[in-house]
Amino acid sequence: MINFVQQEIENDLKAGKYTEGIHTRFPPEPNGYLHIGHAKSVCLNFGLALHNGGLCNLRFDDTNPTKEDVEFVDSIQEDIKWLGFDWGDRKFFASDYFGKFYDYAVELIKRGLAYVDDLSAEEIRAYRGTLTEAGKESPWRNRSVEENLDLFTRMKAGEFPDGSKVLRAKIDMASPNINMRDPVIYRITRATHHHTGDDWLIYPMYDFAHPLEDAIEGITHSVCTLEFEDHRPFYDWLLESLGFDVNTRPRQIEFARLDLTNTITSKRKLRQLVEENHVRGWDDPRMPTLCGLRRRGFTPAAIKDFCERIGVAKSNSVVDIAMLEHCVREDLNDSADRVMAVLDPLKVILTNVDDGVEYLTAENHPKRGGSRFVPFTREIFIDREDFMEDAPKKFFRLKPGGEVRLKYAYIIKCNEVIKNTAGEVVELHCTIDPTSKSGGATAGRKIKGTIHWVSAKFALPAEVRLYDYLLTTDAQGNLPEDFIAALNPNSLIVKQALIEPSVRWTNAGTHYQFLRLGYFVVDPDTTPDKLVFNRVVGLKDTWAKVKDR
Ligand code: ATP
Ligand code: MG
């Protein structure tokens with residue numbers, strides 16, 4: 001693992017800091033499902049711990065009482081485990097530290113570094129100043145320590161209505177960094193918390209709670225995204241003010257968040273997609289949530305590989321989603337068995353084949369080998385796309401009078417095209433060249449095209465779900481402001497397909513390459529009577545092409 005965060009850790013160790021070992025944390029707020037952006041943070045935090053022989057905590061940052069849920073706490077753990085990381089017995093809830101946060105706030109007051117302010121939220125905003133103008137001090141800023149202690153105790157006891165008072169850090173209203181202009185650290189909110197119930201009427205602000213959570217857990221490196229860079233001075237001020245030793249206390253390091261083309265990575269927007277039923281749920285295979293990607297057939301190995309390849313940068317950029325697709329394609333190319341399925345069946349009658357069945361040997365995987373039998377019969381189905389009536393010269397699949405090879409089987413010739421009254425092609429009559437059997441003596445006869453097929457008698461019906469990006473972008477690849485308007489109406493196409501019988505006893509989560517069509521995974525909607533597949537990705541690797549250019 002070589003990235004600038006690791007470099008910083010090594011510098012710290014060389015400087016004699018953190019002699020007790022490296023300790024990181026992944027701190028999700030349980031207000032949504034984890035998405036691909038979180039995966040980057042999970043891989044980085046757990047990865048740094050692994051690389052340095054240290055530890056990584058899972059900490060639910062549940063200091064905000066109003067929008068959190070147990071459903072999310074459970075899903076987050078499931079998703080991290082699925083990625084293959086382990087927090088051991090170090091699963092924590094920030095809300096467990098509410099008592100400690102309160103004590104630290106009291107300590108700040110005692111040190112003359114915090115005060116109770118009676119200004120309204122609006123007034124506080126007006127007094128804060130701007131980027132070019134200094135802020136103004138609150139008239140309540142110079143209350144005595146005794147008065148502040150008394151008022152803060154009474155805030156906790158519920159003597160004042162919501163929003164009537166706040167506790168603020170006393171730093172510098174003229175600081176060029178607005179985050180240092182006496183930030184609010186506690187507010188009064190009568191809300192039921194999913195973990196602490198109605199125990200608390202006052203809640204700490206994120207910027208106050210987070211450094212303390214880190215310090216309480218003995219975190220050494222608090223890795224977060226770039227938008228917190230301007231908050232770092234307060235992070236350091238708080239720990240310094242409370243007397244934490246600079247050689248052991250946590251330090252915050254910011255990295256660039258992951259943004260992906262065609263992809264939403266805002267929890268609020270993902271929630272909107274679910275709540276307004278634009279998708280089938282958090283685990284809809286079109287969602288960039290980890291449970292959605294899992295159902296779609298993305299593998300932990302592919303996601304981790306992707307996170308490693310994109311690296312860790314200090315400035316934000318947008319990563320092409322084709323790169324993530326490239327990673328899963330590489331993984332599945334190695335692991336997925338090959339089978340034949342037909343998505344748009346067109347019947348072919350092989351007029352010189354008898355009614356029986358011939359079992360042909362088909363290779364499961366080009367590298368790992370293994371084989372199975374596929375039944376070959378007089379009636380088969382091919383994909384409609386592989387036949388063209390008025391074919392251009394370069395069309396090397398089936399056309400009237402033309403020849404093509406059936407994979408693992410024979411070369412066939414198209415003699416007759418049968419149409420319905422509407423003029424649509426409904427059936428082809430072909431003959432096989434019996435001397436051209438794959439692996440046989442004359443099998444080497446030169447022929448340009450090879451297509452996949454299934455036996456009409458033995459093929460199994462299967463519902464195949466083909467996905468496209470949930471969002472369409474403009475020519476520059478940007479998402480419009482109104483992302484609901486950018487929803488792609490063709491993001492899900494369902495095909496009633498036919499698949500070779502070897503997959504009859506398959507299980508949800510099993511991957512296959514459908515020859516020539518892409519990588520697919522068995523969906524959990526599969527029942528003993530009905531096979532359901534999701535297309536993970538097609539075979540065409542646009543990322544590999546970009547790379548080669
Ligand atoms: P919110 O908008 O609700 O704050 P969030 O995306 O920050 O959402 P958190 O649950 O706070 O979600 O995130 C947990 C951790 O994951 C944080 O440390 C955060 O920095 C990191 N993280 C979130 N989104 C991304 C992203 N797109 N890329 C990298 N890391 C991310
Ligand atoms: Mg956050």
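Bear in mind the structure is a predicted one, so any value in this text is a computation, not a measurement. Along the sequence shown, residues carry numbers from 1. Each ligand, and each atom within it, is numbered from 1 in the order the structure gives.
- Ile303 CD1 to Arg294 CZ: the interatomic distance, rounded to the nearest 0.5 Å, is 9.0 Å.
- Any N or O atom pair closer than 3.5 Å counts here, and Leu258 shares at least one such pair with ligand 1.
- When the heavy-atom distances from atom 30 (N) of ligand 1 to Gly37, Ala256, Pro27, Ser222 are ranked, the shortest goes to Gly37.
- Below 3.5 Å of separation, one finds an N or O of Lys267 facing an N or O of ligand 1.
- Ring planes of Phe26 and His38: perpendicular class, angle over 60° (limits at 30 and 60°).
- Of the polar atoms of Glu29, at least one N or O is found under 3.5 Å from an N or O of ligand 1, judged by distance alone.
- Remark: distances from the non-hydrogen atoms of Phe26 to ligand 1 include one below 4.0 Å.
- When ring centroids are compared, Phe533 and Phe514 come within the 6.0 Å threshold.
- Between Thr225 and Glu227, the side chains place a donor N or O and an acceptor N or O closer than 3.5 Å (distance only, hydrogens not considered).
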Throw together a table of side-chain donor-acceptor distances under 3.5 angstrom for residues 91-106, partners on residues two or more places apart or in other chains.
{"from": "Lys91", "atom 1": "NZ", "to": "Gln77", "atom 2": "OE1", "distance (Å)": "3.3"}
{"from": "Ser95", "atom 1": "OG", "to": "Asp62", "atom 2": "OD1", "distance (Å)": "3.3"}
{"from": "Ser95", "atom 1": "OG", "to": "Asp62", "atom 2": "OD2", "distance (Å)": "2.8"}
{"from": "Ser95", "atom 1": "OG", "to": "His195", "atom 2": "ND1", "distance (Å)": "3.2"}
{"from": "Tyr97", "atom 1": "OH", "to": "Glu217", "atom 2": "OE2", "distance (Å)": "2.5"}

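- Not counting sequence neighbours, the partners of Arg111 by the salt bridge (charged side-chain N to carboxylate O under 4.0 Å, His left out) test are Glu107.
- Here His35 has side-chain heavy atoms under 4.0 Å from ligand 1, and that is the only part of it that gets that close.
- With distances taken over non-hydrogen atoms, the option nearest atom 22 (N) of ligand 1 out of Lys40, Arg257, His38, His210 is His38.
- Closest non-hydrogen pair, Lys267 versus Glu29, comes out as NZ-O, 3.1 Å.
- Of the heavy atoms in Asp259, none comes closer than 4.0 Å to ligand 1.
- Per-residue contacts place Thr225 under 4.0 angstrom from the following atoms of ligand 1 (heavy atoms of the residue considered): 20 (O), 29 (C), 30 (N), 31 (C).
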